There are 2 protein chains.
Amino acid sequence: MRLSDFELDVMQRFWREGACSAPEVHQAIAHARDVTYSTVKTVIDRLERKGALKRSRQEGRTILYEAVVSPDAVQQTMLERFVAHVFAGDRRPLLNHLLKDEQLTVEEYRYLERLLARHRSRHTSGVAEVAEVAEVESGDD
Amino acid sequence: MRLSDFELDVMQRFWREGACSAPEVHQAIAHARDVTYSTVKTVIDRLERKGALKRSRQEGRTILYEAVVSPDAVQQTMLERFVAHVFAGDRRPLLNHLLKDEQLTVEEYRYLERLLARHRSRHTSGVAEVAEVAEVESGDD
DNA sequence: GACCCACCTCTACAGTTGTCGACAATCTAC
DNA sequence: GTAGATTGTCGACAACTGTAGAGGTGGGTC
């Protein structure tokens, strides 16, 4: 599923909050950016037509929508396209950009170290995977 | 600098090859995709108008163009936009997508390990940076 | 039961993007 | 120097994107 910038911004709300109404999404976005209700509603309509959202239920006259596509699926697709065009398919410069100049926050950096630790263990012993996964997902230290 | 998918595909040629003519770019792209010369030339024209390409010299009637913007600058900008919209600003799910399910090739994985080794050394001792950098950039093993 | 507000529907519009054809200019090879 | 091929110029067009206004309508309030 290929989505535009604004469509992605809107989808983020649904991915985080679950079912939302158009006015709710508008208020949330209007917090950060100056945009009218009409604009937000139009994008929601388009997302519905694309099959990214569906009407889940109605409260009075207000329609509640919910995501049909998962963030993972969309992100995976978008990432592949991104790497293909921006980096000509080579992820090394992407990794370089991500790691250079303190681009990562401390949390992101720790997360990466854990992911790699898990990766290494998967490719050496192949055991203790459950524990590794749990450690990474919990995010504690 | 914000560039579209096709514009990026075209820029890749200039970043790799240096100065190129429109017919050259067309032939290179037509290898992989069925697209007319007109289409490629139109995109080159737009890149010129955007200031991403400039005419470097002429051979007979044929115009040679070259990149004005660096891949690094474009990639950095594009990456920021990408993370902001696709991942709501959090790079952790991006790292997760990159590392899961053998997405990385062996070379990319090794490259990442080296980048991280360098990163670690920068943040512990702070010495031997020159050697670390040289090791990463050379890419040998 | 009239009114106002919140919310929906529909239409519109300009800028971008991918795509190309028509036609003009020039070069090259006889 | 003339014809065919090459390359450039220009205009066009449909789909997508961000943006919004006009106007209808259900629903609660006094």
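Treat the numbers as computed from the prediction; the structure is a model and nothing was measured. First the proteins, then the strands, lettered A, B, ... as listed; each starts at 1.
By the side chain to side chain contact (heavy atoms under 4.5 Å, CB included) test, Ala30(B) is found to be paired with His26(B), residues two or more places apart in sequence or in another chain being considered. Scored by the salt bridge (Lys or Arg N to Asp or Glu O under 4.0 Å) test, Arg61(A) finds no partners at all (sequence neighbours excluded). With sequence neighbours left out, Glu80(A) forms a side chain to side chain contact (heavy atoms under 4.5 Å, CB included) with Gln76(A).
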Base versus backbone protein contacts along nucleotides 23-30 of chain C [heavy-atom cut-off under 4.0 Å; B, S, -]: --BBS---
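Ile63(A) places its CD1 atom 11 Å from the P atom of dC7(C), with the value rounded to the nearest Å. Between Asp45(B) atom CG and dG18(C) atom P the separation is 14 Å, expressed in whole Å. Between the P atom of dT17(C) and the CG atom of Asp5(B) lies a distance of 10 Å, rounded to the nearest Å. The nearest whole Å value for the distance from the CG atom in Leu53(A) to the C1' atom in dC8(C) is 16 Å. Gln58(A) places its CD atom 12 Å from the P atom of dC7(C), with the value rounded to the nearest Å. Taking atom CD of Gln27(A) as the reference point, atom C1' of dC7(C) lies 12 Å away to the nearest angstrom.
Counting any heavy atom pair closer than 4.0 Å across all strands shown, Ser4(A) reaches sugar-phosphate atoms only and no base atom. Residue Thr62(B) is classed as a sugar-phosphate contact, given heavy-atom separations below 4.0 Å to backbone atoms only. If you check every strand for non-hydrogen atoms under 4.0 Å, Ser21(B) touches nothing. Heavy atoms of Arg49(A) sit nowhere under 4.0 angstrom from any nucleic acid atom.
You'll find the side chain of Met78(B) reaches within 4.5 Å of the side chain of Leu8(B), heavy atoms only. Annotation: side chain of Leu98(B) is not in contact with side chain of Leu112(B) (no heavy-atom distance under 4.5 Å). Within the 4.5 Å cutoff, side-chain heavy atoms of Glu66(B) are placed close to those of Lys54(B).
Between Lys41(B) and dG18(C) there is no side-chain N or O to OP1 or OP2 distance below 4.0 Å.
Between Leu116(B) atom CG and Leu95(A) atom CG the span is 9.0 Å, to the nearest 0.5 Å.
Across the interface with DNA chain D, nearest-nucleotide mapping of Ser38(B) and Lys50(A) shows Ser38(B) to be the residue nearer the 5′ end. Nearest-nucleotide positions on DNA chain C for Arg2(A) and Ala22(A) put Ala22(A) closer to the 5' end. Residue whose closest nucleotide on DNA chain D sits further toward the 5' end, between Thr36(A) and Leu64(B): Leu64(B).
Ion pairing between a basic and an acidic side chain is recognised when a charged N comes within 4.0 Å of a carboxylate O; Arg92(B) and Glu108(A) show no such pairing.
Scanning DNA chain D 5' to 3' for nucleotides with an atom closer than 4.0 angstrom to a non-hydrogen atom of chain A gives a first and last hit of dT17(D) to dG26(D).
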List the atom pairs, with distances to 0.1 Å, where a side-chain N or O of residues 11-19 of chain B and a protein N or O form a donor-acceptor pair under 3.5 Å, not counting sequence neighbours.
from     : atom 1 : to       : atom 2 : distance (Å)
Gln12(B) : NE2    : His85(A) : O      : 2.8
Gln12(B) : NE2    : Val86(A) : O      : 3.0
Trp15(B) : NE1    : Val69(B) : O      : 3.0

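Arg46(B) contributes a side-chain N or O that forms a donor-acceptor pair with the base of dG18(C) under 3.5 Å.
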Check against salt bridge (Lys or Arg N to Asp or Glu O under 4.0 Å), Arg120(B) and Glu113(A): CA-CA 10 Å; Arg120(B) 278 184 218 109; Glu113(A) 288 284 16; 2.9 Å; yes
